[in-house]
Every structure is written in C-alpha cells, then in structure tokens.
*Asks:* 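I'd like to ask some things about the structure below.
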Amino acid sequence: MSLRPFRADHVGSLLRPKRLKDAREQFQQGILSKNALTEIENEEIIKVINKQLEVGLHSITDGEFRRSWWHFDFLEHLYGVEGYVPQDGLQFEGVETRKYNVKITDKVAYNPHHPHFEHFIFLRDQLDGRAEAKVAIPSPNQLFHPNILNEQIYPSIDDFVNDIAYAYHETLQHFYDLGARYIQIDDVYWAGLTDGTQKVRGRKRTEEEKAFARQLAYQVINKAVDGLPSDLLLTTHICRGNYQSTWAISGGYNAIAPFLFKEHIQGFFLEYDDERSGDFEPLQHFPSDGAYAVLGLITSKNGQLEDKEQIKARIKEAQRYIPLDHICLSPQCGFASTEEGNHLTEEQQWQKLAYVVELAEEIFGTSK
C-alpha cells in the first residue's frame, strides 16, 4: 500500500453480534470454555472481515471482537500494568461505564507474549492479501492519566516516559515483524488536554498541568515511533469518548493542535461529527510534510445517514487548510469502543461504512 490512510477508512471497532455477546457472557459464567469462546470469536471475525470487504473497505480489522474494552484489554497485558475493578466506573455524558481500569504495579515493559500478536496473526492469515490488515491499539498516552500514574514506582516522570515509550516501540516493531504495515494509535488523552471539559479520570487538571501534559504527550509518541521501519504506516485517532453513543469530553482542537501535529506519524483521524469538535481553524497547524487528515465527518453514534452535500461542503471548508489530496474520510469513531456498542443496528453500521466508501469515490475519485 502507499504510505497513507485510505480515502475511505474507518476507526476499526464494530458492533458485536448477539452470538458473540452471548458466548462471552456464557464464558464469564463458566458455562462456555475458553476454547469454545475462541472458536466462536474466530467464526464471527471471519464473517466481519468478509462484510468489510463487501462494503468496499480497504483497511480491515477484526472489529475488536476479542476485546471487552478498546484500551484496557491491551494495556493490562503490558508487563507492569494490571487491570482491576475500582469503586466507580468512568463518567460519560449521563452514563457511568462498567467498573474497570488499569494501574501501574511494577516497571512497565514490553511483553513478547502479548495476546494481541496472536489476534493479528489470525486477521492477517484470514485476509491472505485481499486487503490491508489494520491494527488498532491504545496510545501510550493512556497510561499518563493522573489516576494511573504511580509515583511510588515512578518518582521520576522521565523514567516513566522512557519505559513506556520503549515498551511501545518494541510492541510496534513486533507487529511489523509479524507483517503489520498499518497501525492506528487510539488516543483519548489528547482530548482531555483541550480547553473543554473532561468528565472522566477523576479531578480536573489545572491549566498549568495541561500545558505541561501537552508538551509531554507528543514527545511520548515520538519516542515510541522514532526508528521504526519506514514502510510502516502509523496513524492516530483522537477521540472524545465513545460509550453506548455517549461522549466524555468536549472542546475543539485549538489548544492541542500546535502540539498534537508534532507527532511523527502519517495520518490523523480527527473527530468532526458535531459542534463539540469545534471548527477547522486548528488545522492551520497541520504538518506540511505529507501527513494526511482523516476527517471523521460521519457519526458512529446513531444510524442516520448524513446529508451528502453537507459532507462535501465541510470537506471544501477543510481545504482552506489542507489540500484535497491529503484529506480522507471516515466515521468519527468506532461503532463499539466497548463490547456494549453504540445505539444503532448492525445494518445501519454497514450502511454508514458503505456510505463513507460512496462519498469517497465521489469526492476523491477513489476509495483507496
């Protein structure tokens, strides 16, 4: 593939079929064995691979069908990070999530036996070159939320940065060695550093803390990705929270754009599906070195199809800051960042994704 996101792309998580949800619940209850659950996961992933190909997508994921959460399932399998059940869930707009989180219990390190490697191998083998296998993992920045930092283990923030960056660098390299050429780094952390309101992760940060964190956030990413093979496509998705069609954070990109766009990656998936995202003016800071902006103008939070002419008009507006040949289109987020999923049907989900492909072909002349 060329080293860029596809003109019609997507964030990656997909609604879990009822059969898969039922199997996971039976596994939790001890009714279904791990092997039986894996077999059902395999069968449903094969179906969802073929469905993505059918609607015309060129980047194909496993729908995150083996995960309960978009981030915790990955993070807790790094050495030094453990999952646990806290007293409260995360606070979204009018909704509290299931109670779960991660914490630092030891020095953070790369895990060569991380289960997500096997997950990728299955996706790679099932695709067998028919399209690009896309890996989506949470950003290393997710471990810098205030209630995850453990100052007893890491009294020095520099040591914390170095260990996490190295763990991620080795993880990304391992994915590459297994054949991955397209990796997306999902990042809610940046959204909490805007001028808007953050409604998750405990107390609100002071403006001074935000200013320091903005500097650190892009440096962590660059430490993790610098030196990786030049034919590895790295993108990031900046999310404002996505739990059962609700959101966690509001605020435009103004405060973070001068720092976010210093990341050494090739593509930025940016949420632009409603007024919470602000306007396109922050794109004036977008890198001029060949990076691509993947505009999330199609919402994944409901099943209604957007007005085609309005989408085209918004892309023209974005062209004030980024040339058309460096713009792509996608939904603003995944359809099921957690196994609960957003409030729309699977049929509506596939209509949305087919619509992204249709729009891309009309706007760019290609969906690829």
*Asks:* Verify, without hydrogens or angle tests, whether Glu76 (side chain) and Val102 (backbone) share a donor-acceptor contact under 3.5 angstrom.
*Replies:* no

*Asks:* Do Ile221 and His264 come close enough that some side-chain heavy atom pair is under 4.5 Å?
*Replies:* no

*Asks:* If we only count heavy atoms from C-beta on, is the Leu32 to Ile40 side-chain gap below 4.5 Å?
*Replies:*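 Answer yes - side chains close enough.
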
*Asks:* Is the closest basic N to carboxylate O distance between Lys352 and Glu306 below 4.0 Å?
*Replies:* yes

*Asks:* Kindly write out the residues that satisfy side chain to side chain donor-acceptor pair (under 3.5 Å) with Thr235, not counting sequence neighbours, or none if the list is empty.
*Replies:* none

*Asks:* Counting only heavy atoms not in Gln29 (residues, nucleotides, ligands), do more than 12 fall under 6.0 Å from its CD?
*Replies:* yes

*Asks:* Return the OG to CZ distance between Ser367 and Arg7, rounded to the nearest 0.5 Å.
*Replies:*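 So the gap between those two atoms works out to 11.0 Å.
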
*Asks:* Which heavy atom of Leu193 sits nearest a heavy atom of Ile256, and at what distance?
*Replies:*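 Leu193 and Ile256 have their closest heavy atoms at O-CG2, 3.4 Å.
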
*Asks:* Do Tyr182 and Asp9 get their side chains close enough for a donor-acceptor pair, meaning under 3.5 Å?
*Replies:*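 Indeed, the side chains of Tyr182 and Asp9 share at least one donor-acceptor pair under 3.5 Å.
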
*Asks:* Answer yes or no: is there an ion pair linking Lys21 with Glu340, defined by an N-O contact shorter than 4.0 Å?
*Replies:* no

*Asks:* Give me the atom names and distance for the closest heavy-atom approach of Phe144 to Ile157.
*Replies:* CE2-CD1, 4.0 Å

*Asks:* Quick check against the 3.5 Å criterion: does Asp73 have a side-chain atom that pairs as donor or acceptor with the backbone of Ser68?
*Replies:* yes

*Asks:* Find the distance between CG (Leu20) and NZ (Lys18) and round it off to the nearest 0.5 Å.
*Replies:* 11.5 Å

*Asks:* So, using side-chain contact (heavy atoms from CB on, under 4.5 Å) as the criterion, who are the partners of Ala354 when residues are at least two apart?
*Replies:* Val55

*Asks:* Give the C-alpha distance, both sets of side-chain angles, the deciding distance and a yes or no for side-chain hydrogen bond (donor to acceptor under 3.5 Å, both in side chains) between Tyr110 and Gln173.
*Replies:* CA-CA 11 Å; Tyr110 158 68; Gln173 180 66 55; over 6 Å; no

*Asks:* So, Trp190 and Glu263: side-chain donor and acceptor under 3.5 Å apart, yes or no?
*Replies:* yes

*Asks:* Using the test side-chain contact (heavy atoms from CB on, under 4.5 Å), find all partners of Lys47 that sit at least two apart in sequence or belong to another chain.
*Replies:*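 If we apply the side-chain contact (heavy atoms from CB on, under 4.5 Å) test to Lys47, skipping adjacent residues, the hits are Arg19, Glu44.
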
*Asks:* Who passes side chain to side chain donor-acceptor pair (under 3.5 Å) against Tyr355, sequence neighbours left out?
*Replies:*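 Partners of Tyr355 by the side chain to side chain donor-acceptor pair (under 3.5 Å) criterion come out as none, since no residue qualifies.
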
*Asks:* Quick check: do Tyr272 and Thr299 have side-chain heavy atoms less than 4.5 Å from each other?
*Replies:* no

*Asks:* Ignoring hydrogens and angles, tell me if any N or O in the side chain of Arg181 forms a donor-acceptor pair with the backbone of Tyr176 under 3.5 Å.
*Replies:*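 It does hold such a pair.
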
*Asks:* What are the two closest heavy atoms between His10 and Gln52, and how far apart are they?
*Replies:* CE1-OE1, 3.1 Å

*Asks:* For Glu207, does the CD atom have more than 12 heavy-atom neighbours from other residues, nucleotides or ligands under 6.0 Å away?
*Replies:* yes

*Asks:* May I ask you to test the Leu260-Asp187 pair for a side-chain heavy-atom distance under 4.5 Å?
*Replies:* no

*Asks:* Once you round to the nearest 0.5 Å, how far does CD1 of Ile60 lie from CG of Leu123?
*Replies:* 8.5 Å

*Asks:* For Arg214, which residues count as a side chain to side chain donor-acceptor pair (under 3.5 Å) partner, sequence neighbours excluded?
*Replies:*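 Checked Arg214 against side chain to side chain donor-acceptor pair (under 3.5 Å); zero matches.
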
*Asks:* Looking at Asp273 and Lys301, is any side-chain nitrogen of the basic one under 4.0 Å from a carboxylate oxygen of the acidic one?
*Replies:* no

*Asks:* Roughly how far, to the nearest 0.5 Å, is NZ of Lys103 from CG of Asn101?
*Replies:*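 Interatomic distance, Asn101 CG to Lys103 NZ, rounded to 0.5 Å: 10.0 Å.
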
*Asks:* If only atom types and distance count, is the side chain of Asn242 paired as donor or acceptor with the main-chain N or O of Gly334 below 3.5 Å?
*Replies:*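 Yes, Asn242 side chain to Gly334 backbone: donor-acceptor pair under 3.5 Å.
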
*Asks:* Is there a side-chain contact between Lys312 and Ile363, using heavy atoms and a 4.5 Å cut-off?
*Replies:*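 Lys312 vs Ile363: side chains touch.
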
*Asks:* Would you indicate whether the side-chain heavy atoms of Ser300 and Val11 approach each other to under 4.5 Å?
*Replies:* no

*Asks:* Consider only side-chain N and O atoms of His114 and Thr171, and report whether a donor and an acceptor are under 3.5 Å apart.
*Replies:*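 Side-chain D/A pair, His114 to Thr171: absent.
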
*Asks:* Is the NZ or CZ atom of Arg16 both under 6.0 Å from the centre of the six-membered ring of Phe65 and within 45° of that ring's axis?
*Replies:*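 Relative to the ring axis of Phe65, which defines the angle, Arg16 lies outside at least one limit.
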
*Asks:* Would you confirm whether the ring centroid of Tyr253 sits within less than 6.0 angstrom of the ring centroid of Phe280?
*Replies:* no

*Asks:* Side chains of Asp186 and Gln184: is there a donor and an acceptor less than 3.5 Å apart?
*Replies:* yes

*Asks:* Would you verify whether the NZ or CZ of Lys134 falls within 45 degrees of the ring axis of Phe6 while also being under 6.0 Å from that six-membered ring's centre?
*Replies:* no

*Asks:* Roughly how far apart are Leu329 CG and Ile311 CD1, rounded to 0.5 Å?
*Replies:* 7.0 Å

*Asks:* Is Glu339 paired with Arg98 through a side-chain N to carboxylate O contact shorter than 4.0 Å?
*Replies:* yes

*Asks:* Can you check whether Ile104's main-chain N or O pairs, donor with acceptor, with Asn150's side chain at less than 3.5 Å?
*Replies:*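 Yes.
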
*Asks:* Using a distance-only test with no angle check, is there a side-chain donor-acceptor pair under 3.5 angstrom linking Asn342 and Tyr243?
*Replies:*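 Side chains of Asn342 and Tyr243: no pair found under 3.5 Å.
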
*Asks:* Phe122 ring centre to Arg66 NZ or CZ under 6.0 Å, with the angle to the axis within 45°?
*Replies:*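 Ring-cation test returns yes.
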
*Asks:* First locate atom CD of Gln266, then atom OG of Ser230, and finally report the distance between them rounded to the nearest 0.5 Å.
*Replies:* 9.5 Å

*Asks:* Kindly indicate whether the side chain of Tyr168, heavy atoms from C-beta on, has any atom under 4.5 Å from the side chain of Leu78.
*Replies:* yes

*Asks:* Is it true that Phe261 and His285 have ring centroids separated by less than 6.0 Å?
*Replies:*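 Ring-ring flag for Phe261/His285: false, centres at least 6.0 Å apart.
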
*Asks:* Give the C-alpha distance, both sets of side-chain angles, the deciding distance and a yes or no for side chain to side chain contact (heavy atoms under 4.5 Å, CB included) between Leu228 and His169.
*Replies:* CA-CA 8 Å; Leu228 290 169; His169 184 92; 3.7 Å; yes

*Asks:* Counting only heavy atoms not in Gln319, do more than 12 fall under 6.0 Å of its CD?
*Replies:*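 Count over threshold, so yes.
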
*Asks:* Are any side-chain N or O atoms of Ser277 and backbone N or O atoms of Glu271, one a donor and one an acceptor, separated by less than 3.5 Å?
*Replies:*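 Side chain of Ser277 to backbone of Glu271: a pair is present.
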
*Asks:* Check side chain to side chain donor-acceptor pair (under 3.5 Å) between Asn111 and all other residues, then give those that pass, not counting sequence neighbours.
*Replies:* Tyr79

*Asks:* Measuring only between side-chain heavy atoms, which start at C-beta, is Leu232 closer than 4.5 Å to Phe175?
*Replies:* no

*Asks:* Measure across Ala291 and Phe268 and return the closest heavy-atom pair with its distance rounded to 0.1 Å.
*Replies:* CB-CE1, 4.2 Å

*Asks:* So, the side chain of Gln349 versus the backbone of Leu14: is there a donor-acceptor pair under 3.5 Å, distance only?
*Replies:* no

